[in-house]
Amino acid sequence: MTSNLGWWTDAVVYQIYPRSFCDGNGDGVGDVPGMVSKLDYLAELGVDAVWVSPWYPSPMADGGYDVSDYCNIHPDFGTLADADAFIAGAHARGIKVLIDLVPNHTSSAHPWFAAALMSAPGSPERARYHFRDGLGPDGSLPPTNWGSLFGGPAWTRITETDGRPGQWYLHMFDTTQPDVNWTNPDVNDMFDDVLRFWFDRGIDGFRIDVADSLHKDMAFPDTALAPNGFGTCMPSNGHPMWDQPALADVQRRWRAIADSYGDRVFVSEANCPGRLAFLTPDRLHTTFTFDSVFCEWDATSQRHMIDHNLRLHDDIGAGTTWVMGNHDQTRPVTRYGKRITGWPFPESGVTPESQKVWAEYLFPWPTDVETGRRRARAIVLLYLALPGGMYIYQGEELGLDESENLPIASLQDPSFFKTNGRTRGRDGCRVPLPWSGQVAPFGFSPRPDAEPWLPQPAAWASLTAEAEEPDPNSTLNLYREALRLRRETDALGAGSLSWSDAGDGVLAFTRDPGFGCLTTFGGPTTLPDGADVLLASQPVAADGTVPAETTVWYRLP
Ligand code: GLC
């Protein structure tokens with residue numbers, strides 16, 4: 001393969017978070033049979049592919065991103081036969097299947113880590129991870145000052161088999177997620193086998209978790225101090241945890257395997273400044289554009305963000321992807337309903353200014369859900385009209401909001417515990433989907449008395465797939481219609497756009513042949529003469545007046 005362009009370049013990919021999508025067996029936890037039962041729903045929605053968040057055996061300390069066996073299915077989710085049925089069922093409906101690869105760390109319940117704990121310092125078993133002696137006369141200080149992305153230190157001290165305090169191991173995330181050592185051939189070989197195992201089962205690609213880390217600077221230098229008292233851990237240029245030169249070798253190795261299967265794709269989850277350098281024809285195909293998650297509700301900011309990312313991708317001959325949310329982010333309806341609608345992602349260290357905004361963002365500003373939903377509907381039509389692919393996180397198509405007030409006792413995200421509750425964590429976007437009925441579990445489970453693993457808000461009664469189905473103005477039908485038009489309209493998908501001057505607070509562009517898209521971020525405006533409305537996120541008046549906070553797709557005369 002000599003290009004990074006392919007079926008994925010303008011694909012609409014739907015993210016399934018298996019635990020929260022659909023429960024087939026009535027235990028309150030989503031599973032693969034539940035996913036199979038919703039394949040017709042996905043086909044009707046009109047997505048090109050699904051990405052399944054980790055479905056592997058896992059103690060679930062980080063919602064499955066702590067994998068204890070990469071070549072099996074979590075018993076709560078089903079069996080390999082269920083996974084085969086899901087892959088076959090998706091393919092029968094023309095839907096491709098991507099799954100998650102978690103290569104930066106295993107679970108501490110992985111047999112390799114158990115073996116490392118039972119083995120001596122310096123043993124081959126320990127060499128698969130980053131074990132180091134501690135500093136200080138008794139080794140009681142961590143080897144570096146590095147902080148974990150979930151809060152607290154990135155090193156944990158173990159007790160050796162003889163009962164004495166022992167070495168320390170590195171974990172960028174939870175203590176239950178030890179980082180593997182990518183300079184070790186065992187690690188490289190194991191992940192080669194994992195890729196082949198799933199490619200052989202027919203999957204079409206992988207979403208690569210924390211794709212910008214893996215290799216660490218083996219000199220283990222301390223990093224600048226962050227306000228929480230630990231060394232910085234967020235991706236930045238030159239940071240010892242991120243984007244090390246040897247990462248390119250891993251990506252090339254994987255790409256050779258993927259290419260040997262044909263039309264397979266890698267999408268990288270990466271936030272490091274150099275993430276676009278991954279997208280060469282011998283490395284990775286595509287990467288999430290998280291700028292679109294973090295970009296505020298503002299015409300100028302959105303225009304800048306869109307242009308910037310289109311240009312960067314054009315320069316390297318890869319396709320852009322647009323993202324509104326995922327299992328780690330506040331749901332867009334809630335984000336756009338806040339006083340601050342953007343997320344100031346600190347790319348190069350944490351400046352006092354970004355800290356201030358960050359604190360304001362985390363402060364529980366009230367949410368105007370109605371405003372947020374109106375804006376989220378406008379944004380999805382805007383992004384779906386742009387050149388590139390689109391990722392939809394389950395429930396966005398129903399217009400679900402974040403559950404901001406989950407009972408503390410129900411919270412499971414390790415970042416809640418590791419920050420001593422300073423942040424509530426990511427559970428609020430992971431609440432099980434509402435499918436039908438008037439009361440919880442809203443058809444998520446087949447048993448009406450089943451308790452979903454996170455409680456669903458009563459207000460979701462009006463946001464079930466069943467409730468939205470007959471309503472032509474529902475968010476579900478907006479998505480269905482948008483995806484149908486996207487498939488049928490030559491101008492949409494890959495290609496280019498031309499911006500039009502539509503005045504302050506309005507973004508408008510055209511795409512050949514004969515397609516226009518206009519978004520009002522501020523007050524109302526009027527459609528160009530002769531514009532024939534194809535779809536709008538809010539009703540357009542008969543005289544062509546587009547209301548505030550609305551996107552319209554139209555055919556040009
Ligand atoms: C990625 C995942 C996130 C997980 C982390 C550690 O960012 O999206 O859910 O906690 O990696 O694996």
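Whatever order the structure lists them in is the order used to number ligands and atoms, beginning at 1. For the single chain, residues carry numbers from 1 onward in sequence order. All heavy atoms count here, side chains included; hydrogens, waters and symmetry mates do not. This structure is a prediction, so every number in the text was calculated from the model and none was measured.
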Determine, using ring centers only, whether Trp460 and Phe444 are less than 6.0 Å apart.
no

Of Trp254, Trp8, Trp198, Phe199, which meets ring-ring contact (aromatic ring centres under 6.0 Å, His included) against Phe206?
Phe199

At a 4.0 angstrom heavy-atom cut-off, ligand 1 is contacted by Asp62, Tyr65, His105, Phe150, Phe173, Gln177, Arg207, Asp209, Val210, Glu269, His327, Asp328, Arg426, Arg430

Aromatic ring proximity Phe21/Trp55, centre distance under 6.0 Å
no

For Phe113 together with Tyr169, are the ring centres under 6.0 Å from each other?
yes

Between Lys418 and Asp62, does at least one N-O distance fall below 4.0 Å, as a salt bridge requires?
no

Contacts of type ring-ring contact (aromatic ring centres under 6.0 Å, His included), residue Tyr65, not counting sequence neighbours:
His327

